[in-house]
There are 2 protein chains.
Amino acid sequence: MNTLSYGLLGLLARASRSGYELMQYIQPFWQAKHSQIYPLLAKMEQEGYVTHEVVLQSDKPDKKVYSITSKGSDKLKIWINEPTTEPVLRDEMMLKAYSLWLTDPESAVRLFSSRAQMYADKLAYYENLMQGLKERESETSYLSPASPAFGRYILLQKALDNSKNGQNWCEWVLSMLKNG
Amino acid sequence: MNTLSYGLLGLLARASRSGYELMQYIQPFWQAKHSQIYPLLAKMEQEGYVTHEVVLQSDKPDKKVYSITSKGSDKLKIWINEPTTEPVLRDEMMLKAYSLWLTDPESAVRLFSSRAQMYADKLAYYENLMQGLKERESETSYLSPASPAFGRYILLQKALDNSKNGQNWCEWVLSMLKNG
DNA sequence: AGGTACATGTAATTGGTTACATGATTCC
DNA sequence: GGAATCATGTAACCAATTACATGTACCT
């Protein structure tokens, strides 16, 4: 059971989903490809944390829909109270920023402009998700810590903060590149 | 040549350093253990990007001091202008926040309090590094994009922003946990 | 007929962590 | 003598990405 397993259990604790769906839902908060998720689900099923049933579809290919077991749910609840490991951030941009003095001003501007654009795109993406949440759920739902919507709400808020933060940082650097 | 290699070249472009020193300097911006760095340096030397000489020390054990070659410097400059990969953030806390509805209020408060403390510690750490930079370097140095100090300055600013951001987010969640 | 999204899987490789291993030097 | 920091390395393992592989259903 690695961290990704708990992320998948956290999704399945809300609703049963196929491996393909799990891959899509977890993407924004934990990067994982289908080639990592499918074998992991099989392993988790072997160990009794999830089960699956095949759901036949007529408009799309058939799928395996996974559900969390009570053993999986217990495991998930225990994990939340265990010590939390520190976040790991690996951003090539940080290393490039460190070596910025080795490049010409035009390249530096290009580098930070495209990164500002990346943050703008992410911001729009998360704003859209947040709007969707607020349309679907009432305030009493997503503002209540006991509600599943609360977790999604605070997660999206963190993602929004982070994107704004990154965007502001890029603009700040760009302003110095233009004056300096 | 992976991303870590370029990070190491970026450090060596400023000053020659031992593997042990490189490990310490790169830590805040790219997590890597000595067991990954030592073999990588050997490989980079084989490929002609760095060289090393043994420096005898009397107060400490002897060390291998690595220097960047012109081939390594060329490689580094080209890399800066290549397309930048997206950042990868893996934070167990995000997955726990998502499943927060499964736990009791006391555990939730504990979880966010200790994470707030982590951000406070990081903030203090980076503030200290920033102060050191400002004491060592003149404003004309660290505010000039052509200076090596500029890269360090904007990196520390990003780390500070990020820590503050995370701390505020934790306090915001905690305020909702106390009211909700 | 070709492209895209849906859907699931395995194999090979790289990247990264943990554990094992050794030794110098300093401070208490 | 024992702990802490400095210093370098290898081995085993786990996590993650890339590539290989197959097939359905829908739309143009």
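Source: prediction; values computed, not measured.
- With C:dC6, D:dC26, C:dT25 as the choices, the nucleotide that has an atom nearest any side-chain atom of A:Asp59 turns out to be D:dC26.
- To the nearest angstrom, P of C:dG15 lies 7 Å from NZ of B:Lys43.
- At a threshold of 4.0 Å, the pair A:Glu45-A:Lys64 does not count as salt-bridged, since none of the basic side-chain nitrogens sits closer than that to a carboxylate oxygen.
- The distance between atom CD of B:Gln31 and atom C1' of C:dT18, rounded to the nearest whole Å, is 16 Å.
- Note on B:Glu21 versus B:Lys63: salt bridge recorded, some NZ/NE/NH1/NH2 to OD/OE distance being below 4.0 Å.
- Distance A:Leu56 CG to C:dC6 C1': 15 Å, rounded to the nearest Å.
- Distance from the side chain of A:Tyr38 is smallest to C:dG9 among C:dT17, C:dG9, D:dA7.
- A:Gln57 has its CD atom 10 Å from the P atom of D:dC26, to the nearest Å.
- Between the CG atom of A:Asn2 and the P atom of C:dT18 there is a distance of 13 Å, given to the nearest Å.
- Looking at heavy-atom distances under 4.0 Å, B:Lys60 makes contact with sugar-phosphate atoms alone, never a base.
- Taking a cutoff of 4.0 Å between a charged side-chain nitrogen and a carboxylate oxygen, A:Asp91 and A:Arg115 qualify as a salt bridge.
- To the nearest angstrom, P of D:dA15 lies 13 Å from CE of A:Met44.
- Here B:Arg90 does not reach the OP1 or OP2 of D:dA15: none of its side-chain N or O atoms lies under 4.0 Å away.
- Residues B:Tyr153 and A:Trp172 place their aromatic rings such that the two centres sit under 6.0 Å apart.
- Using a 4.0 Å heavy-atom cutoff across all strands shown, A:Gln24 reaches sugar-phosphate atoms only and no base atom.
- The side chain of A:Gln36 has D:dA16 as its nearest neighbour among C:dT17, D:dA16, C:dT8.
- A straight line from CG of B:Asp62 to P of D:dG9 spans 12 Å, rounded to a whole angstrom.
- Regarding A:Glu45, its CD atom lies at a distance of 13 Å from the P atom of C:dT8, rounded to whole Å.
- In this model, a side-chain donor or acceptor of B:Ser35 finds a partner on the base of C:dT18 within 3.5 Å.
- The backbone N or O of B:Lys96 lies less than 3.5 Å from no partner atom in the side chain of B:Ser99, so there is not a single donor-acceptor pair.
- Among the heavy atoms of the strands lying under 4.0 Å from B:Lys33 is at least one base atom, whether or not backbone atoms are also near.
- Of the candidates D:dT10, C:dA5, D:dT8, C:dA5 carries the atom nearest the A:Tyr20 side chain, counting heavy atoms from C-beta on.
- Closest to the side chain of A:His34, out of C:dT8, D:dC6, D:dT8, is C:dT8.
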